[in-house]
Chemist: 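Before I ask anything, let me first share the structure, which is written out below as structure tokens.
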Amino acid sequence: MEFEELRQLFRDVFPGSSPPECCRAPGRVNLIGEHTDYNGLPVLPMAIAQEIRLAFQPRDDGRITLSNVNPAFPTVAFQNAPKIPASAAGSWENYCKAAVQGVNAALRPARLAGMDVLVSSTLPMAAGLSSSSALVVACAMAYLRAVGVRLGDDLSRLALAELLADAEHYVGTRGGGMDQAVILNAVEGNACKIDFFPLRMENAPLPDGCAIAVCDSTVKVNKSGEALHRYNAGPRLCALATALVRRQLHEDFGEEVELDRLGDLWFGPLCLTHAEAEELCMRAVDKPRMTLAAIAARLGCPPEAVRTRWLGDLPEPPDGFPIQARVRHQLTEYRRVEMARDALLAGDAESFGALMNASHESCAHDFEISSPELDALVEAARDAGALGARLTGAGFGGATVSLIYEEDAGAFIPAVTEQYYRQFLRRTGTPPIFIAQPGPGADYVA
Ligand code: NG1
């Protein structure tokens, strides 16, 4: 829905209101660097043209009413408060609650304002395109207006991205800060390499003539619903790996060494090289699989303590947890992101594509976030001539990204349709593929 129509509709949905303001927040695809952000290791995403659009109007009484032009999302209202009770897992209003509570906690506004909000979207939900973070960002931008904070003047875009990365944990996922960072800071025509703690961004355009083909596997992943536990297994095992590495450092140095996340090996006071970090990690996690009992013995604490502190309800596989493979993915993916950034800066499409392919293999085998559908779709894209193809985002379903020459799109789309959508999914009709160029970040719309 265009903004003009959205403004009109707002006045029907909220009768008696004055003309609303509008803002937009784009979706994103990650080109390389998967499940690395929450470890403090870099990622390389780009914003896309599909976006969440909001019409909104502040109110004085602290009442927040959310309505959606899509009737699948029921209208909800709640009272603003320092601690806002969450709705049932998977409820769409939780993303707005996350944004409002996050801004309240970080900025402590003098008055907890309310707002009426009408949401519309050109961004498919649960397709790995970060519709959830786009909604969080858009709601936060609307709420900033309600509490009189000017984005870019009173609060920088990087600071808002950092605070919203934490705020989104409200919905139960333990994600990193990639999505909020790229959604708020993307620059049209550029992908961006993002580093964390503190947040830093570096822009790089796609190689000449190239575009990203985004193919929806059509397997939906509701990360705040049933897929929550599968997603959180990544952060949980990485946090446990960090504890094992910290233990190893303690043994090596005879004293406690601070290590909050794996990325601190390179960026913290330790400042290790890749080779040193690899050598240390492989000594700390020296078996392909570790049982709960073995992990507890290594950490010097009872198994129940390991469960409570790191694993939660993650079931123990019969042959133990595959922590070594998870760590290997982090180590190799970090290197690939660095090389991918260099390839973009050098305009080297072939190298960038090869790194995307290698990333997919690592996501599939070492991080185990792929699925038969994603593997088949990646293979179809490569067979159709992509320079590189991989799953994008949290995994388990959602979309793939392929680097192609834009002029080849006309041949790429029917070839992938024939191989994946017709054969693998036995579907016909318009294939859920779009060709993307890096889009701009979120903004208010005049
Ligand atoms: P998506 O694909 O939007 O669910 C999630 C996390 C990211 C990152 C990726 C995997 C959130 C909001 N997003 O993204 O931080 O960890 O998975 O690379 O949790």
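The analysis underlying the following values was restricted to heavy atoms, covering all of them including side chains, and did not include hydrogens, waters or symmetry mates. Both counts, for ligands and for their atoms, begin at 1 and track the order of listing.
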Chemist: Ala394 to ligand 1: N or O pair under 3.5 Å?
Modeler: yes
Chemist: Using distance alone, determine whether Glu34 and ligand 1 share an N or O pair under 3.5 Å.
Modeler: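 The answer is yes, given that Glu34 and ligand 1 share an N or O pair closer than 3.5 Å.
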Chemist: Would you say the side chain of Val149 lies within less than 4.5 Å of the side chain of Pro109, judging by non-hydrogen atoms?
Modeler: no
Chemist: Do ligand 1 and Thr36 have nitrogen or oxygen atoms that lie under 3.5 Å from each other?
Modeler: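 No, since none of the N or O atoms of Thr36 sits under 3.5 Å from an N or O of ligand 1.
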Chemist: Counting only heavy atoms, tell me which of Tyr231, Phe367, Tyr38 gets closest to atom 17 (O) of ligand 1.
Modeler: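 Nearest option to atom 17 (O) of ligand 1, by heavy atoms: Tyr231.
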Chemist: Yes or no: does Ser133 have any heavy atom under 4.0 Å from an atom of ligand 1?
Modeler: yes
Chemist: With backbone taken as N, CA, C and O and side chain as the heavy atoms from C-beta onward, which portion of His169 lies under 4.0 Å from ligand 1: side chain, backbone, both, or neither?
Modeler: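 It is neither part, as no heavy atom is under 4.0 Å.
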Chemist: Which atoms from ligand 1 have a heavy atom of Gly176 less than 4.0 Å away?
Modeler: 15 (O)
Chemist: For ligand 1, which atoms, with element, lie under 4.0 Å from some heavy atom of Asp37?
Modeler: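 With Asp37 as reference, the close atoms of ligand 1 come out as 7 (C), 8 (C), 15 (O), 16 (O).
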Chemist: For residues Arg63 and Gln79, determine if any side-chain heavy atom of one lies less than 4.5 Å from a side-chain heavy atom of the other.
Modeler: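 The answer is yes; the side chains approach within 4.5 Å.
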Chemist: Measuring from Glu34:CD to Phe367:CZ, what's the distance to the nearest 0.5 Å?
Modeler: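 Taking CD in Glu34 and CZ in Phe367, the distance rounds to 9.5 Å.
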Chemist: Among side-chain atoms of Glu93 and Ser87, is any donor-acceptor pair under 3.5 angstrom?
Modeler: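 Yes.
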Chemist: Check each atom of ligand 1 against the heavy atoms of Ser130 and keep those under 4.0 Å away; list them by number with element.
Modeler: 3 (O)
Chemist: Can you confirm, on distance only, whether ligand 1 has an N/O atom lying under 3.5 Å from any N/O atom belonging to Glu168?
Modeler: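 N/O-N/O distance under 3.5 Å: no.
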Chemist: Should Gly393 be counted as touching ligand 1, given the test is an N or O pair under 3.5 Å?
Modeler: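 Gly393 vs ligand 1: no N/O contact under 3.5 Å.
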Chemist: What verdict does the side chain to side chain contact (heavy atoms under 4.5 Å, CB included) test give for Asn30 and Val182, after you've listed the backbone C-alpha separation in whole Å, the side-chain angles of each residue and the deciding distance to 0.1 Å?
Modeler: CA-CA 9 Å; Asn30 190 18; Val182 62; over 6 Å; no
Chemist: Please could you name the atoms of ligand 1 that Met178 approaches to less than 4.0 Å, counting only its heavy atoms?
Modeler: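 By the 4.0 Å cutoff, the relevant atoms are 8 (C), 9 (C), 18 (O).
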Chemist: For Asn39 and Tyr334, test the side chains for any donor-to-acceptor distance below 3.5 angstrom and give the result as yes or no.
Modeler: no
Chemist: Ion pair present between Asp286 and Arg283, side-chain N to carboxylate O less than 4.0 angstrom?
Modeler: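 The answer is no: the pair does not qualify as a salt bridge.
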Chemist: Name the option, out of Thr173, Asn39, Asp179, that contains the heavy atom nearest to atom 13 (N) of ligand 1.
Modeler: Asp179
Chemist: For ligand 1 and His35, I'd like to know whether there is a polar contact (N/O to N/O, distance under 3.5 Å).
Modeler: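 The answer is yes, given that His35 and ligand 1 share an N or O pair closer than 3.5 Å.
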Chemist: Do you see a donor-acceptor pair shorter than 3.5 Å between the side chains of Ser362 and Arg336?
Modeler: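 There is such a pair between these side chains.
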Chemist: Test Ile369 against every option in His329, His35, Arg230 by the side chain to side chain contact (heavy atoms under 4.5 Å, CB included) rule and name the one that passes.
Modeler: His35
